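This structure is a prediction, so every number in the text was calculated from the model and none was measured. Index from 1, following the sequence.
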Amino acid sequence: MKSKPVKYIVYIVIAAFVLYNSVYFKKLDEVRDGTARMFDATGFTDKLWKDKLPLKMDSAIELTAYLQMLQSNPAAAFEKYSNALAIGNYRYSLVKTAATDTA
């Protein structure tokens, strides 16, 4: 009869020990130690335009052809030429066209 309370006390002590050793709190200043990096938007954009985007331009569709396909068969256009982030219902497409900058 006495073994049941002893068993529960041992379980409680083990659970308390595990929970106590599972959680640590530290100040952010101690963790970061002054080596925080700032986001370099200019460098990120340069790398994107010079290194990554030219590799993907072969798979881009002409804007006029894409717009025509969207008008005639939107489901097929979205299926073939768009991508999703798997978050919600947002899709994006990579298109190419010629333009003139007059500014």
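- One finds the OG1 atom of Thr42 at 14.5 Å from the NZ atom of Lys47 (value rounded to the nearest 0.5 Å).
- Of all non-hydrogen atoms in Lys96 and Ala60, the two that sit nearest each other are CE-O, 3.4 Å.
- Of all heavy-atom pairs spanning Ser82 and Arg91, the tightest one is OG-NE, 2.8 Å.
- A side chain to side chain contact (heavy atoms under 4.5 Å, CB included) with Leu94 holds for exactly one of Asn83, Ile61, Leu53; it is Leu53.
- Under the 4.5 Å side-chain heavy-atom criterion for ILVMFWY residues, no single connected hydrophobic cluster contains both Phe17 and Tyr11.
- For Ser93 against Tyr66, the heavy-atom pair with the smallest separation is OG-OH, 2.6 Å.
- At a threshold of 4.5 Å between non-hydrogen side-chain atoms, the residues Phe78 and Leu70 count as touching.
- Going from atom CD of Glu79 over to atom CG of Asn73 covers 10.5 Å, rounded to the nearest 0.5 Å.
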